[in-house]
Amino acid sequence: MKRIVKIVLPILILTAAIGVFAALKVTKPEQPPAKVSERIWRVEVEEAQPRTLVPTLTLYGQVETASLFKAAAPAPSRVDRILVRDGARVKQGQLLVVLDERDFMPRLEQTRAEVADLEAQVGSETIRHESDLTALKQEQKLLTLARDGVDRANRMLKQRLGSDSEQDAAEQALAQQELTVSTRQRAIDDHPTRLQALEARLARARARLTETQLDYERSRIEAPYDGIVAGVQVAEGDQVKDNAVLLSLYSPDNLELRARIPARFQNELQQALVDQYAVSGEARFGDARIRLTLARVAGETDASGMEALFRIDEGSKWLRVGQVLSFGVGRIPRDNAVPVPYQAVYGGGRMYRLEEGRMRGLQVETLGNFITDSGEERLLVLAPGLKSGDRLVVTHLPNAIDGLRVEAVEPE
């Protein structure tokens, strides 16, 4: 009996426990099903207003000048005085550098003496020629008398009234006079050649005098125009060589900005020059505005793009040669363009507009930068399907996808 109880009792207990568990499971309260709600993202929106706008191309350029004046030493000399310093503004005719005049005066006096000597020789040759002409007339008369003397001696000898010695003396006097006349005539004939040689030497001497005087005048360096001293390469007391650069000067009115144009914009800007369309730009220098106009493109280019030169129309007084500026250039106007914040455009040229509480994607073409009237820089885009009044999502969402539920909020 006890053995049967030991076997049956555990079975009864297990059966009772199963029955209690089943009763509890059947009588437990039912929980309502969980409701899943879609999250709504709060975003800022702007109304699209397509219109004709000018996209801006941002470039980086370096200020340079094609009229850099480099003052050089006209001859080996010593620097006596320097009257300006780097960056100084000077007026036309203002004295900049003075070289020691003692390095120029000896050569100047020597060339003046050479000119005076040759001028005297030319005058002497003229007087000599006039004297030769006068003497030739007298000597020709004496030659006639000598010939008459020879004829007379010959007649006397034939009449046996004269001697052979008298005849020889008459012929000798005639020969001597003929030689004198020939020598005088040769001197007269050589006069143009001698005078030409003297005048040539005189011309060379005068040229050297002019050159020496010019070197002396250039020993006092003066500003050729109103400008800014770019650099002074010497100090007072320096011994400089011929053609050594003393200082450099440029006019702020002749400054240009050289910038590299990306290859994708080369044709557009060159076509603008051909069509005589004024491509203008603007750079900021503190509170000042630097206004620019595309003047020409460089004669050489490479794979990275070509270089263009921009004329500085306004604000050149704030610039210096070698300065690097970032500036925007207005390109060809584009129709149906919309300026949007940079964060509104995603990779691959994709934007979103708000339609019935959801984001709907659209593909856009980026045209370049755009500066609003308030000075804000934006991105100019072009979308064929974009209409005036469309609400563009301008908040950048990292999980932005087509159909995402969003809610428009007022911008801060």
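Basis for what follows: all heavy atoms, side chains included, without hydrogens, waters or symmetry-related copies. This is a predicted model, so every value here is computed, not measured.
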Please list, one pair per line, the donor and acceptor atoms closer than 3.5 Å that link side chains of residues 326-342 to other protein atoms, with sequence neighbours excluded.
{"residue": "Arg331", "atom": "NE", "partner": "Glu268", "partner atom": "OE1", "Å": "3.3"}
{"residue": "Arg331", "atom": "NE", "partner": "Glu268", "partner atom": "OE2", "Å": "3.1"}
{"residue": "Arg331", "atom": "NH1", "partner": "Leu367", "partner atom": "O", "Å": "2.2"}
{"residue": "Arg331", "atom": "NH2", "partner": "Glu268", "partner atom": "OE1", "Å": "3.1"}
{"residue": "Asp335", "atom": "OD1", "partner": "Thr52", "partner atom": "OG1", "Å": "2.7"}
{"residue": "Tyr342", "atom": "OH", "partner": "Asn369", "partner atom": "OD1", "Å": "2.7"}
{"residue": "Tyr342", "atom": "OH", "partner": "Glu377", "partner atom": "OE2", "Å": "3.2"}

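- Glu256 places no side-chain N or O within donor-acceptor distance of the main-chain N or O of Thr65, the cut-off being under 3.5 Å.
- Atom CD in Glu109 sits 10.5 Å away from atom OG1 in Thr212 (nearest 0.5 Å).
- Within the 4.5 Å cutoff, the side chain of Gln213 has heavy atoms near those of the Leu108 side chain.
- Judged by distance alone, the side chain of His396 and the main-chain N or O of Ala344 form no donor-acceptor pair under 3.5 Å.
- By the 4.0 Å N-to-carboxylate-O rule, Arg208 lies too far from Glu211 to be salt-bridged with it.
- Using modelled atom types, no side-chain atom of Asp103 and backbone atom of Pro76 make a donor-acceptor pair closer than 3.5 Å.
- Applying the 6.0 Å contact sphere to CD of Glu376 captures more than 12 heavy atoms from other residues, nucleotides or ligands.
- A heavy-atom distance below 4.5 Å is not found between the side chains of Ile221 and Val98.
- Other residues, nucleotides and ligands place more than 12 heavy atoms under 6.0 Å from the CD atom of Gln140.
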Check: residues 118-128 side-chain donor-acceptor pairs under 3.5 Å, at least two apart:
{"residue": "Glu119", "atom": "OE2", "partner": "Arg206", "partner atom": "NH2", "Å": "3.0"}
{"residue": "Gln121", "atom": "NE2", "partner": "Asp117", "partner atom": "OD2", "Å": "3.0"}
{"residue": "Glu125", "atom": "OE1", "partner": "Arg194", "partner atom": "NE", "Å": "3.2"}
{"residue": "Glu125", "atom": "OE2", "partner": "His191", "partner atom": "ND1", "Å": "2.8"}
{"residue": "Glu125", "atom": "OE2", "partner": "Arg194", "partner atom": "NE", "Å": "3.0"}
{"residue": "Glu125", "atom": "OE2", "partner": "Arg194", "partner atom": "NH2", "Å": "2.8"}
{"residue": "Thr126", "atom": "OG1", "partner": "Val122", "partner atom": "O", "Å": "3.0"}

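- Contact annotation: the side chain of Lys317 approaches that of Arg89 to within less than 4.5 Å [non-hydrogen atoms, C-beta and beyond].
- The shortest distance between side-chain heavy atoms of Leu59 and Arg260 does not fall below 4.5 Å.
- The shortest heavy-atom contact between Val240 and Val79 is CG1-CG2, 4.0 Å.
- Paired with Leu257 under the rule side-chain contact (heavy atoms from CB on, under 4.5 Å), one option of Leu294, Val63, Ile290, Val324 passes, and it is Val63.
- In this structure, Glu44 and Glu46 have side chains that are not in contact, with every pair of non-hydrogen atoms separated by 4.5 Å or more.
- In this structure the side chain of Tyr352 never reaches within 4.5 angstrom of the side chain of Leu397, judged on heavy atoms.
- Heavy-atom neighbours of Gln323 CD from other residues, nucleotides or ligands within 6.0 Å: above the threshold of 12.
- Side-chain atoms of Glu355 do not come within 3.5 Å of backbone N or O of Arg360 as any donor-acceptor pair.
- Considering only heavy atoms from C-beta on, Leu273 comes within 4.5 Å of Val297 through its side chain.
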Inset, instruction - Apply the test side chain to side chain donor-acceptor pair (under 3.5 Å) to residues Thr293 and Asp313: give CA-CA distance (whole Å), side-chain angles for both, the deciding distance (0.1 Å), then the verdict. - result: CA-CA 7 Å; Thr293 302; Asp313 300 321; 2.4 Å; yes
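- The two residues Asp242 and Pro74 make their nearest non-hydrogen contact at OD1-O, 3.1 Å.
- Checking side-chain atoms of Ser316 against main-chain N and O of Ile312 turns up no donor-acceptor pair under 3.5 Å.
- Enclosure of atom CZ in Arg218 is not indicated, since only 12 or fewer non-hydrogen atoms of other residues, nucleotides or ligands lie within 6.0 angstrom.
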Output side-chain donor-acceptor pairs under 3.5 Å for residues 385-394, partner residues at least two apart or in another chain, one line each.
{"residue": "Asp390", "atom": "OD2", "partner": "Arg353", "partner atom": "NH1", "Å": "2.9"}
{"residue": "Asp390", "atom": "OD2", "partner": "Lys387", "partner atom": "N", "Å": "3.0"}

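- A heavy-atom distance below 4.5 Å is found between the side chains of Thr180 and Gln176.
- Looking at Asn254, its side chain never comes within 3.5 Å of a backbone N or O of Ser67 through a donor-acceptor pair.
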